[in-house]
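Data first, discussion second: the structure below is written as structure tokens.
Residues: numbered from 1 along the sequence shown.
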Amino acid sequence: MGSFKIYRQYDALDCGPTCLRMVAKHYGRSYTMETLRNRSGINREGVSLLGISEAAESIGFRTVGAKITWQQLKEQAPLPCIGYWDQEHFVVVYRIKRDKVYIADPAKGKVSLPKKDFLQHWLNAKTNGERTGIALLLHTTPKFYELDDEEAGQMNFSLLVQYVMPYKKLLFQLALGLAAGSILQLIFPFLTQAVVDIGIQTRDLNFIYIILAAQIMLFAGRTGVEFIRSWILLHMSTRINISILSDFLIKLMKLPMEFFDTKMTGDIMQRMEDHRRIQDFLTNQTLSTLFSFMNLLVFSLVLAYYHMLIFTVFLISSVLYVGWVLVFLKNAESSTTSGSVFLPTTKARSFSSSRECSPLSSIPVSGKNAGNGNTIITTTDPTNRWGTKHR
């Protein structure tokens with residue numbers, strides 16, 4: 001769907017600042033979410049379109065909030081612009097091609113919708129007898145390019161590795177366990193071959209009994225290795241999880257009270273759940289992937305040693321299987337994001353004013369009732385500097 005940069009919202013109420021971040025990135029400037037949150041006046045109730053506009057003007061945009069028709073959006077509105085979605089969410093409309101609309105949803109990613117489905121979510125009022133939707137139009141000014149970027153700090157993998165390095169001895173034991181498990185698993189096919197080629201063909205029951213006893217011993221040894229490896233992994237995972245969670249709580253307690261004014265309890269609990277996923281990635285998933293890769297490599301070499309043609313068939317089949325899975329996942333994702341069903345993802349804050357205004361000079365504000373004729377703020381200032389917002 002083009003090269004428009006997509007950002008995902010971190011929390012349930014971050015859709016507005018995230019949309020502004022995407023538009024700024026489209027014009028070549030990067031801003032952190034923390035900066036845009038602070039400038040947009042977000043709180044526990046959400047963020048208003050007025051707050052987004054004030055944040056946009058503070059970084060060098062000239063903004064116009066308006067109720068416009070579909071034709072005005074398609075033919076006159078500068079893209080990308082921020083649209084008010086389902087009367088409680090913000091998205092970026094970055095491209096309109098014929099009757100297909102491309103939007104960047106901070107909660108769902110890039111989505112392409114036919115005109116009918118788009119209008120169903122965007123139109124929310126009637127102005128002068130025509131159905132209109134709310135949009136924030138943004139134009140860059142010289143100030144926008146004079147300001148410096150605020151590059152977000154990149155996640156350094158070494159920050160995660162430092163939680164694992166204190167357990168080097170345990171990691172070495174796990175590596176030995178992986179190697180031992182792979183060797184024991186590799187012996188089974190050879191024993192099975194010996195039973196068929198020698199024991200059954202020569203009808204030597206004693207040889208078969210010996211091989212079966214060896215297989216039982218190997219199975220018991222493999223089970224013991226797996227048990228020890230699981231115990232070590234559990235011990236290490238628990239300690240890593242405690243370390244990560246402790247650091248998170250220490251940092252959380254050092255944050256100012258203003259941080260908690262804009263965060264829901266569920267957001268903080270989600271961050272704690274993310275730490276469990278990090279711990280799972282550092283231990284279970286990484287080691288399981290390594291173990292599976294080692295087994296695949298070893299058995300592929302054994303198969304190639306026995307019969308190259310069979311190995312070639314196996315290799316081609318595996319490549320086709322992986323390709324089919326990737327295509328299926330891509331099509332499944334496309335069918336999901338191209339659908340017309342959107343669930344509410346964000347609550348927005350509303351302000352109200354009783355003044356009347358024309359569609360292109362109105363400054364609509366987000367909220368449950370932003371689509372009616374009473375929840376708008378008027379302006380006649382071409383620079384779009386508004387007066388006091390009303391609750």
Side-chain angles (χ1 to χ4, degrees), residues 157-248 272-308 310-311 313-315 317-319 321-322 325:
F157 191 73
S158 61
L159 295 176
L160 300 180
V161 174
Q162 69 180 358
Y163 290 104
V164 182
M165 294 311 295
Y167 308 101
K168 293 179 181 179
K169 293 183 179 180
L170 294 180
L171 286 175
F172 179 72
Q173 295 175 17
L174 286 175
L176 288 179
L178 287 174
S182 298
I183 293 174
L184 292 177
Q185 190 171 1
L186 179 62
I187 296 176
F188 275 97
F190 293 98
L191 294 179
T192 303
Q193 181 191 20
V195 170
V196 175
D197 293 346
I198 300 176
I200 296 179
Q201 188 172 0
T202 61
R203 298 182 180 181
D204 189 346
L205 292 180
N206 291 329
F207 180 81
I208 294 176
Y209 290 149
I210 292 174
I211 296 298
L212 290 178
Q215 287 183 329
I216 293 174
M217 296 301 295
L218 286 175
F219 178 78
R222 182 184 171 191
T223 302
V225 170
E226 290 293 327
F227 175 79
I228 296 174
R229 187 169 68 90
S230 300
W231 184 86
I232 295 175
L233 188 61
L234 177 62
H235 174 75
M236 189 173 67
S237 300
T238 303
R239 288 177 174 268
I240 291 176
N241 193 32
I242 293 174
S243 299
I244 295 176
L245 196 57
S246 298
D247 289 346
F248 170 73
M272 299 178 70
E273 180 66 18
D274 290 341
H275 292 143
R276 188 196 64 80
R277 294 167 59 187
I278 293 174
Q279 167 262 315
D280 188 58
F281 168 76
L282 291 175
T283 54
N284 295 340
Q285 295 182 12
T286 301
L287 293 176
S288 297
T289 302
L290 180 61
F291 181 71
S292 300
F293 180 76
M294 289 179 58
N295 285 338
L296 177 63
L297 180 61
V298 170
F299 280 103
S300 296
L301 293 176
V302 172
L303 188 60
Y305 171 77
Y306 273 97
H307 204 292
M308 184 58 67
I310 297 178
F311 171 73
V313 173
F314 165 76
L315 183 62
S317 301
S318 300
V319 171
Y321 173 74
V322 172
V325 170

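- Rounding to the nearest 0.5 angstrom, the gap separating the CG atom in Leu174 from the CD1 atom in Ile228 is 11.0 Å.
- More than 12 heavy-atom neighbours from other residues, nucleotides or ligands sit within 6.0 angstrom of OH on Tyr306.
- Between Ile208 atom CD1 and Thr202 atom OG1 the span is 7.0 Å, to the nearest 0.5 Å.
- For the pair Met236/Arg239, no side-chain contact is recorded, criterion being any heavy-atom separation below 4.5 Å from C-beta on.
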### Query
Would Val196 and Gln201 count as a side chain to side chain contact (heavy atoms under 4.5 Å, CB included) if you check the C-alpha gap in whole Å, the side-chain angles of each, and the deciding distance to 0.1 Å?
CA-CA 7 Å; Val196 175; Gln201 188 172 0; over 6 Å; no
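- By the 30° and 60° cut-offs, the orientation of the rings of Phe311 relative to Phe314 is tilted.
- Pairing each heavy atom of Leu184 with each of Gly221, the nearest pair is CD1-C, 3.9 Å.
- Annotation: Phe219, atom CZ; neighbour count of heavy atoms from other residues, nucleotides and ligands within 6.0 Å does not exceed 12.
- Once rounded to the nearest 0.5 Å, the distance linking CZ of Arg229 with CG of Leu176 reads 12.0 Å.
- Closest non-hydrogen pair, Ile242 versus Ser246, comes out as O-OG, 2.7 Å.
- The CG atom of Leu205 sits 10.0 Å away from the CZ atom of Arg203 when rounded to the nearest 0.5 Å.
- Two residues are said to be in side-chain contact when any heavy atoms from C-beta on lie closer than 4.5 Å; Ile211 and Ile198 fail this criterion.
- Closest heavy-atom contact between Ser243 and Tyr167: OG-OH, 4.3 Å.
- Separating the CG atom in Leu171 from the CG atom in Leu233 is a distance of 9.5 Å, to the nearest 0.5 Å.
- Rounding to the nearest 0.5 Å gives a distance of 10.0 Å between NE2 of His235 and CD1 of Ile240.
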